[in-house]
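To keep things clear, I will list the structure first and then write my remarks on it.
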Amino acid sequence: MTRVRAIELRLIELPLVRPFRTSFGTSTVKTCLLARVETSDAIGWGECVADAEPGFSEEWNEGAWVVIRDFLAPAIFRAGDVSAEGLEHVFGPVRGHPMAKATLVDAVLDAELRAKGESLAGFLGADRDRVACGVSLGIASTTEQLLDQVGEHLDEGYLRIKLKIEPGSDVVPVHAVREAHPDVALSVDANAAYTLADDAVFSSLDDIRLVMIEQPLHHEDLIQHAVLQRRLRTDLCLDESIRSAAGAAAALELGSCRVVNIKQGRVGGVLEARRIHDLCRAAGVPVWCGGMLETGVGRATNLALAAMPGFTLPGDTSASSRYFPEDLTEPFVMAHDGSMGVPTGPGIGVEPLPERLEACTIRTEILGA
Ligand code: OSB
Ligand code: MG
């Protein structure tokens with residue numbers, strides 16, 4: 001048990017190397033909250049995966065800020081002695097807001113592990129020290145541009161290419177990439193842009209030998225995904241629709257997907273992510289580590305998770321250079337074989353570089369007991 005003395009909350013902003021376009025919007029910068037918790041034993045870092053707008057889920061930066069300031073942080077200070085495991089109970093009275101909760105669960109866990117000198121990967125039971133990396137490419141303006149980007153990333157060594165799709169930009173570009181690269185591990189992510197009425201699109205995609213189709217239907221749906229999964233040979237993968245271990249269990253029971261994208265920041269932090277990993281593994285369902293364009297802080301957390309035994313597919317755990325001209329931490333570099341090293345130091349094993357952190361900070365607030 002430890003006492004949280006203070007929580008420093010920052011809104012930070014980093015330019016992206018190129019705009020990232022999905023079916024729910026285009027980002028040119030990464031803006032997110034970063035929490036630094038100071039406990040009686042150590043410092044811990046947590047990154048919130050919410051974005052500037054509530055486009056991926058209903059959470060967004062300013063909302064997460066208020067939820068942390070007015071509900072989650074006061075609950076921690078009232079609780080007195082806390083542990084990362086116990087935070088889920090402390091946060092019990094606050095429904096939802098898994099991204100805001102994950103920020104603090106991950107930060108307190110990081111502090112606990114740093115105090116013990118134990119790495120997050122070790123704590124989670126990782127069985128490897130390098131993980132296989134894929135890359136998620138935004139919707140391109142032309143198929144030529146998309147083919148160029150795919151080629152560049154394959155040359156760098158990425159082991160799986162994920163293409164963002166939306167109605168009007170799906171079968172044609174995806175088919176072109178498949179023609180150019182007959183053997184590459186290829187997947188698509190619709191970010192909930194389709195309905196069951198888009199039968200023609202799905203049956204064409206079903207012929208492209210995709211590793212999976214990620215979140216084709218509504219962001220809260222499990223039932224219609226189960227209907228679609230029964231119609232297709234290609235595996236469906238859920239992202240947005242899975243927000244907790246209970247939700248993952250329901251998806252498996254219903255047959256809504258055959259693969260799960262685990263984003264710890266989407267499900268309330270690494271402890272809940274571990275439960276999803278465990279139940280998928282017991283059910284023989286492969287999982288992989290998703291991403292939300294995290295800075296080095298969230299990336300370090302994701303890499304530790306991705307090293308767990310059930311993560312059998314390459315993750316969206318790309319190199320820093322795929323996202324940022326300059327990361328917040330020392331950059332994460334991918335080897336030419338498409339693998340990336342998992343941090344081995346205490347906790348998440350990395351920290352923001354102090355001068356980078358100051359340069360990227362838009363606003364700071366210190367919350368105390
Ligand atoms: O749906 O997986 C997604 C990025 C932001 C929000 C949602 C998603 C994504 C990605 C990129 O696909 C993942 C990454 O490289 O971090
Ligand atoms: Mg996704």
Side-chain angles (χ1 to χ4, degrees), residues 14 16-32 47-61 98-99 102 131-140 149-150 153 156 158-166 186-194 210-221 225 235-243 251 257 259-267 273 287-303 305-306 313-324 327-328 331-332 334 338 340:
L14 276 78
L16 292 172
V17 285
R18 77 181 85 85
F20 186 66
R21 179 167 155 216
T22 67
S23 65
F24 63 85
T26 303
S27 308
T28 53
V29 290
K30 166 74 184 172
T31 37
C32 67
E47 176 171 337
C48 183
V49 300
D51 204 346
E53 291 168 14
F56 175 82
S57 80
E58 72 279 11
E59 291 186 86
W60 84 105
N61 289 337
M99 294 178 176
V131 301
C133 301
V135 66
S136 170
L137 300 179
I139 296 166
Q149 280 191 37
V150 169
H153 288 89
E156 284 182 48
Y158 285 103
L159 297 168
R160 185 228 60 213
I161 301 283
K162 165 168 136 183
L163 306 175
K164 291 289 190 180
I165 57 168
E166 67 182 358
L186 193 63
S187 69
V188 295
D189 185 358
N191 289 111
Y194 296 85
L210 299 172
V211 182
M212 70 190 99
I213 300 175
E214 184 176 341
Q215 195 70 38
L217 308 177
H218 192 277
H219 64 278
E220 290 177 313
D221 170 75
H225 279 101
D235 291 345
L236 294 187
C237 168
L238 291 181
D239 177 355
E240 285 90 328
S241 284
I242 295 185
R243 298 160 47 103
C257 61
V259 177
V260 173
N261 168 337
I262 300 185
K263 287 179 182 168
Q264 54 83 21
R266 183 195 74 223
V267 302
V287 304
W288 55 280
C289 184
M292 298 285 286
L293 315 179
E294 287 90 345
T295 77
V297 171
R299 191 159 311 281
T301 311
N302 291 348
L303 286 165
L305 194 68
L313 294 166
D316 283 346
T317 46
S318 311
S320 294
S321 61
R322 180 261 167 266
Y323 307 97
F324 313 111
D327 206 333
L328 202 57
F332 280 96
M334 185 183 72
M340 191 139 59

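Counting convention: from 1, in listed order, for ligands and their atoms alike. Because the structure is a prediction, the values reported are computed rather than measured. Residue indices begin at 1 and follow the sequence shown.
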I'd like to check the side-chain hydrogen bond (donor to acceptor under 3.5 Å, both in side chains) partners of [X]; sequence neighbours left out, ordered by chain and number.
{"X": "Asp189", "result": "Lys162, Lys164"}
{"X": "Tyr194", "result": "Asp170"}
{"X": "Arg21", "result": "Glu166"}

State, yes or no, whether a side-chain contact exists between [X] and [Y] at a heavy-atom distance under 4.5 Å.
{"X": "Phe324", "Y": "Val17", "result": "no"}
{"X": "Leu16", "Y": "Ser27", "result": "yes"}
{"X": "Cys32", "Y": "Val49", "result": "no"}

- prompt: So does Asp316 have any N/O/S atom less than 2.8 Å away from the Mg ion (ligand 2)?
  reply: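 For Asp316, the answer is no, given that no N, O or S atom comes within less than 2.8 Å of the Mg ion (ligand 2).
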
task: Assess Glu240: does it contribute an N, O or S atom lying under 2.8 Å from the Mg ion (ligand 2)?
output: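 Checking Glu240: none of its N, O or S atoms is under 2.8 Å.
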
message: Treating Ser57 as the side-chain partner and Glu59 as the backbone partner, does any N or O pair qualify as donor plus acceptor under 3.5 Å?
response: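 Side chain of Ser57 to backbone of Glu59, a donor-acceptor pair under 3.5 Å: yes, one is there.
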
Please name the atom of [X], restricted to N, O or S, that is closest to the Mg ion (ligand 2).
{"X": "Glu214", "result": "OE2"}
{"X": "Asp189", "result": "OD2"}
{"X": "Asp239", "result": "OD2"}

message: Do the side chains of Asp239 and Arg266 get close enough for a salt bridge, i.e. N-O under 4.0 angstrom?
response: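 Answer for the salt bridge query: yes.
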
Please tabulate, line by line, the atom pairs linking an N/O of ligand 1 to a protein N/O at a distance below 3.5 Å, with the distance in Å to 0.1, or answer 'none'.
residue	atom	partner	partner atom	Å
ligand 1	1 (O)	Lys164	NZ	3.0
ligand 1	1 (O)	Asp189	OD2	2.9
ligand 1	1 (O)	Asn191	ND2	2.7
ligand 1	1 (O)	Asp239	OD2	3.1
ligand 1	1 (O)	Lys263	NZ	3.4
ligand 1	2 (O)	Lys162	NZ	3.0
ligand 1	2 (O)	Asp189	OD2	3.3
ligand 1	2 (O)	Asp239	OD2	3.3
ligand 1	2 (O)	Lys263	NZ	3.0
ligand 1	12 (O)	Ser136	OG	2.9
ligand 1	12 (O)	Lys162	NZ	3.2
ligand 1	12 (O)	Lys164	NZ	3.0
ligand 1	15 (O)	Tyr323	OH	2.6
ligand 1	16 (O)	Met292	N	3.3
ligand 1	16 (O)	Leu293	N	2.8
ligand 1	16 (O)	Tyr323	OH	3.4

